[in-house]
Structure formats: C-alpha cells, structure tokens
Amino acid sequence: MLEVARALVGCVVRHDGCAGAIVETEAYHQSEAACHAHVGLTPRTHILFGPPGRAYVYRSYGIHAMLNAVCEPEGVGAAVLIRALEPLEGLERMRERRGLERREDLCSGPGKLTQALGIELDLNGSDLAGGPIAIEPPPPDWPASDLIESPRIGITKAAELPWRFSAAGFRSVSRPWPPGLRDTVAPRALG
DNA sequence: CATGGGATTGACT
DNA sequence: GTCAATCCCATGC
C-alpha cells in the first residue's frame, strides 16, 4: 500500500476529457484509525475490502467527492487517496467546472481535482483500468522528482504516520505544503 | 429513528 | 487566524 502510494505519484488520472498527473497521495490502511476501513466491513467500506484497482469515492463534509485507489488483496481494507494533480489535458473544461483560471488552483486538493475532472459518487466501485476513470503510467516526458514524505493532513486520528507523499517541485501540491517543498518550486512570477 | 462527526474548501476578520 | 456549508453513514437508543 505504501508502495502503491509512492508509485502512483507521476501517474495520469483521466476522466471525461480531462487528465492530470498525480503530484500528491496519502495511504490509508484498516490497521489505523484514520482509515474508513478501520470500523470493519460495512455498506460504506465494502469497496475498500474488495479487489484492488477500483475507485473508492465518498463524500466529505457534505460537499466534496474524494477519489481513492483501492489496494491490497481482497479482504484487506486499504486505499490510496489521490490528493492533487498537475493539470495536463482539458484545462478549459477544468476551468469551467472550477470557476477559476489559475492552473495551480485547478487540482491542488482532493476535493478540487474531483470537481475539475467531473468525478462524482456514482463512480464509486468502478474499475480504474478500463472504467470511466483511467489511471495510466507517467507520461514519457514526465520529469523525475524527489518524493517528500510527511504526516497526513486533515485527520484527527493516527495523525502522526508519515504517509503523505508529495512530488517535489510542483506548485499543485495541496496546502499546507509539507516542510521542504517550498524550496523546490519555482518562485511565482512577479506582478 | 436521531444524532454527530468528518481523508475540505472558500470567504472573511 | 476563524467559520459555515452540507450529505453520507456509523453508531446508539
């Protein structure tokens, strides 16, 4: 699962004419309390315990859809939360759906990227290879980038585990940025 | 069946 | 820095 969380950084998420490269993930596992699967098998979590390679999409704070990739074999509840993308294709479509212009604001958060790509709860359980959402290998010209490992954010339980993975050098990583990222991104243009 | 708490975001002081 | 919006579902009576 941690290996999947690291390997997904750089991969491309594609849906409904839009695509972006993953620049931030977080890992969740049934063995720790921040994971929805920690409570066991329920109607909400049964996707997490199913076969790997499917989407787990749920609503957060009544407003936002969160996209996860289920991992680990069937019977183990674990997933990787896709937290941020670097927009690659369909930028105008993303801007329409987000109501924003700046590239680095389109997908720089887990709720933002689902809004930008048009991903909603009806995609929960769909296959991530050949389904409506596709996850593909990194583009050939994708730059090699260091991974910054830091504690997961926005959670109250098991908050100490360093299971957040951010690609150095990308302004599209969600805020708050992990320690050290600031030193790896190009300064924003003045003006 | 009622309640409470989010793996967040954007607007505002 | 603070705060509200708002839906799903786990939990407890």
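Proteins get letters first, then strands, A, B, ... in listed order; numbering begins at 1 in each. Note that the coordinates shown come from a computational prediction; the quantities given were computed from them, not determined experimentally.
Residues Leu81(A) and Pro110(A) come closest through the heavy atom pair CD1-CB, 4.4 Å. Contact detail for Cys71(A) and Pro52(A): the closest heavy-atom pair is CA-CB, 3.8 Å.
With Tyr28(A) as the aromatic partner, Arg152(A) meets the cation-pi criteria of under 6.0 angstrom to the ring centre and within 45 degrees of the ring axis.
Between Leu121(A) and His64(A), the one whose closest nucleotide on DNA chain C sits nearer the 5' end is His64(A).
As a whole-Å value, the separation of Arg59(A) CZ from dC8(C) P is 6 Å. For the pair Asp122(A) CG and dC8(C) P, the interatomic distance rounds to 12 Å; values are reported in whole Å.
Under a 3.5 Å cut-off, the side chain of Glu136(A) and the backbone N or O of Val13(A) do not form any donor-acceptor pair.
At the heavy-atom level, Ile155(A) lies under 4.0 Å from the strands shown only through sugar-phosphate atoms. Residue Arg98(A) is classed as a sugar-phosphate contact, given heavy-atom separations below 4.0 Å to backbone atoms only. Using a 4.0 Å heavy-atom cutoff across all strands shown, Arg152(A) reaches no nucleic acid atom at all.
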- Query: Checking side chain to side chain contact (heavy atoms under 4.5 Å, CB included) for the pair Arg83(A)/Thr25(A): CA distance, chi angles, key distance, verdict?
  - Reply: CA-CA 5 Å; Arg83(A) 282 196 62 88; Thr25(A) 63; over 6 Å; no
Practice task
Go through Arg98(A) and Gln115(A) one step at a time and tell me if the side-chain hydrogen bond (donor to acceptor under 3.5 Å, both in side chains) criterion holds.
Solution key: CA-CA 7 Å; Arg98(A) 292 274 296 128; Gln115(A) 185 186 16; 2.7 Å; yes
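Side-chain rings of Tyr58(A) and His36(A) approach one another, their centers coming within less than 6.0 Å.
Between Glu24(A) and Arg164(A) there is a salt bridge, with a side-chain nitrogen of the basic residue lying less than 4.0 Å from a carboxylate oxygen of the acidic one. Ionic pairing of Arg14(A) and Glu89(A) is present here: one or more N-O contacts between side-chain nitrogen and carboxylate oxygen are shorter than 4.0 angstrom. Of the charged side-chain nitrogens involved, none lies within less than 4.0 Å of a carboxylate oxygen, so that Glu74(A) and Arg54(A) do not count as a salt-bridged pair.
Base pairing in DNA chain B gives the following stems of 3 or more Watson-Crick or G-U pairs, range against range and under 3.5 Å: B:1-6 with C:7-12, B:8-12 with C:1-5.
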Please produce a list of atom pairs where a protein N or O lies less than 3.5 Å from an N or O of nucleotides 9-13 of chain C.
| unit_1 | atom_1 | unit_2 | atom_2 | d |
| --- | --- | --- | --- | --- |
| dA10(C) | OP1 | Thr42(A) | OG1 | 2.8 |
| dA10(C) | OP1 | Arg44(A) | N | 3.0 |

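Within 6.0 Å of CG on Asp146(A) lie no more than 12 heavy atoms contributed by other residues, nucleotides or ligands.
For DNA chain B, the outermost nucleotides in 5' to 3' order that have an atom under 4.0 Å from a heavy atom of chain A are dG6(B) to dG10(B).
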